[in-house]
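Okay, structure first, notes after.
We count ligands from 1, going down the list as the structure has it; atoms in each ligand are counted the same way.
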Amino acid sequence: MDSFLIEGGLPLRGEVQISGSKNAVLPIMAATLLTSETCVVRRVPDLSDVAFMAKILRSLGAEVTLENGTLTVRAANISGFGDYELIRKMRGSICILGPLLARLKDARVSLPGGCVIGTRPIDLHLKGLRALGAQVEVDGGYVRVHAPRLDGQMVFLGGRVGPTVLGTANVMMAAVLAEGVTVIESAACEPEVIDLAHFLIAMGAKISGAGSPTMTITGVKELHGAEHEVIADRIEAGTFAAAALATGGEVILRGARPDHLGAVLDKLREAGAQIGSSAGALTVKGSGVIRPIDITTMPYSGFPTDMQAQLMAVACLAPGTSIISERIFESRFMHASELMRLGADIAIEGPSAIVKGGQPLSGAPVMASDLRASAALVIAGLSAGGSTQVNRVYHLDRGYERMELKLQALGARIQRVPGE
Ligand code: EPZ
């Protein structure tokens, strides 16, 4: 398995192009199953999760090409019964359930199961599909949904910690071909949900209120092919912004959307970053002074859980105490013990991490456990003295396009060490 070898202590300087969003493109790829016509999606990031989703679409019978960031899908003759192992391996693929049910009225996929950051049930997804009239059977590790027809309904999708992003996506994609009107209450408001709505509307769907907690979908008979350009990845942009602050550098993030990063930029400013934006770019400057911050993760437009680990790495560098509370996933502090291997002082108390920062970090071999935890270890390694080896960077490759090359372009001493 590949690892990254980082010589820390250098400020990041220069420009980097932000890629298309992983969490927008995955449901958009699933949405191509809603029509037999050709769909073209641009600014598709070169990520292992995207390659995996393409494999899943092909396993269902779709013709898929992916070249230089352009994806073409024609799902003319597809089956609703997905490959158990393929789908089980990538949680994000659960969002094929809604489109397959809508198009074929019968679909079966393997249950996604939990992951290191939490149990991650799909009860809200199934609640929403049931409300539209689907029969739901969970058996042998599979979930099967089927219905002679789907009828629009009012569906409340709020859960234990608020809305569900992929649950909202699944119900949207089932409702676009249902009879009548569906109203999703407590819908997720993430920019990725809005981007999916834009793609569905380009296919002929009738959707209003995307981006607000109340979304209205008027079902249509069928959808047609469409073209779409995916939004920029706000989490990739936030990660590079945090790295600029942590290393006392200055970076220009080409293509980043400041309007999608409100809560993140607010916390980075609080921590000492100078933030500017000009035509199509975000500039982030660290002054070398980092201040402690308190963060609580929340659904959008609150502070995103997908940036929690990266800001914990920044907090390790801030003299004083920072409190980081994770309210979305129940076990998303795997990075804390690895940051402590680099010399950080972190105590976990229930849903909160108390970070006593300011002592210099020193490089060491560390282990990546999940996508965003690995990004935090890279940020810490860039700021630490000496060399850090981040192992299992396959986690990073799931969500960051050629991260080490982008960091090298910003002057970082980082290289990929190929695994056995
Ligand atoms: C999406 O996951 C993202 N993944 C996650 O990003 C992100 O962390 C998450 O939204 C929250 O912002 C993709 O878009 C592919 P949720 P999703 O359903 O939709 C609970 C990354 O790092 N819940 O909004 O699976 C759930 O357990 C990844 O890129 C239920 O209880 O997340 C969690 O506590 C990690 N029942 C909370 O809701 C349900 O049926 C939010 O989960 C569904 C969710």
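The distance criterion of under 3.5 Å between nitrogen or oxygen atoms is met by Lys22 with respect to ligand 1. In terms of N/O distances under 3.5 Å, ligand 1 is approached by Arg332. Note: no N/O pair closer than 3.5 Å links Gly167 and ligand 1 by distance alone.
Here atom 43 (C) of ligand 1 lies nearest to Pro121 when heavy atoms of Cys95, Pro121, Gly159 are compared. When the heavy-atom distances from atom 18 (O) of ligand 1 to Leu371, Thr119, Thr164, Leu166 are ranked, the shortest goes to Thr164. Distances from atom 1 (C) of ligand 1 to the heavy atoms of Thr168, Leu196, Val165 show the closest one on Val165.
Note on Glu326 versus Arg332: no salt bridge recorded, every NZ/NE/NH1/NH2 to OD/OE distance being 4.0 Å or above. Residues Glu270 and Arg291 are not paired through a salt bridge, judged by the lack of any N-O separation under 4.0 Å between the basic side chain and the carboxylate. The existence of a salt bridge linking Arg144 and Asp139 is excluded, since no basic side-chain nitrogen approaches an acidic carboxylate oxygen closer than 4.0 Å. Comment: Glu192 engages Arg234 in a salt bridge, judged by a side-chain N to carboxylate O separation of less than 4.0 angstrom. Using a cutoff of 4.0 Å between basic side-chain nitrogens and carboxylate oxygens, Arg416 and Asp397 are scored as salt-bridged.
For Arg372 and Tyr400, the side-chain atoms include at least one donor-acceptor pair closer than 3.5 Å. With no hydrogens or angles considered, no side-chain donor-acceptor pair links Glu250 and Thr283 at under 3.5 Å. Side-chain contact of Gln153 with Thr182: a donor-acceptor pair under 3.5 Å is absent, judged by distance alone.
Closest to atom 26 (C) of ligand 1 among all protein heavy atoms lies Phe329 CE2, 4.2 Å. Among protein heavy atoms, the minimum distance from atom 15 (C) of ligand 1 is reached at Asn23 OD1, 3.3 Å. Scanning the protein heavy atoms around atom 40 (O) of ligand 1, the nearest turns out to be Leu124 N, 2.7 Å. Distance from atom 17 (P) of ligand 1 to its nearest protein heavy atom, with residue and atom name: Arg120 NH2, 3.7 Å.
Looking at Leu34, Leu104, Leu200, Leu177 one by one, the single match for side chain to side chain contact (heavy atoms under 4.5 Å, CB included) with Pro99 turns out to be Leu34.
Of the heavy atoms in Ile328, both backbone and side-chain atoms come closer than 4.0 Å to ligand 1. The side chain of Arg372, and not its backbone, has at least one atom closer than 4.0 Å to an atom of ligand 1 (non-hydrogen atoms only; side chain from C-beta on). Only the side chain of Thr305 comes within contact range of ligand 1, with a heavy atom under 4.0 Å; no backbone atom does. Contacts of Arg160 with ligand 1, taken as heavy-atom pairs under 4.0 Å, involve the side chain alone. Of all the heavy atoms of Asp123, the ones lying under 4.0 Å from any atom of ligand 1 are found in both the backbone and the side chain. The residue Lys127 has no part lying near ligand 1, judged by heavy-atom distances below 4.0 Å.
Atoms CG and CG, on Leu10 and Leu382 in that order, are 9.0 Å from each other to the nearest 0.5 Å.
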- Item | Step-by-step side chain to side chain contact (heavy atoms under 4.5 Å, CB included) determination, Ser36 to Arg103 | CA-CA 9 Å; Ser36 57; Arg103 173 105 180 266; 3.5 Å; yes

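Scanning both residues, Met53 and Cys95, for their nearest heavy atoms gives CE-SG, 4.0 Å.
Of all atoms in ligand 1, listed by their number and element, those nearer than 4.0 Å to a heavy atom of Asp306 are 5 (C), 6 (O), 7 (C), 8 (O), 21 (C), 22 (O), 28 (C), 29 (O), 35 (C). Applying the 4.0 Å criterion to heavy atoms of Ile122 picks out, from ligand 1, the atoms 39 (C), 40 (O). Taking every heavy atom of Val161 and a limit of under 4.0 angstrom, the matching atoms of ligand 1 come to 34 (O), 37 (C), 38 (O).
For atom 20 (C) of ligand 1, no protein heavy-atom neighbour is present inside the 4.0 Å cut-off.
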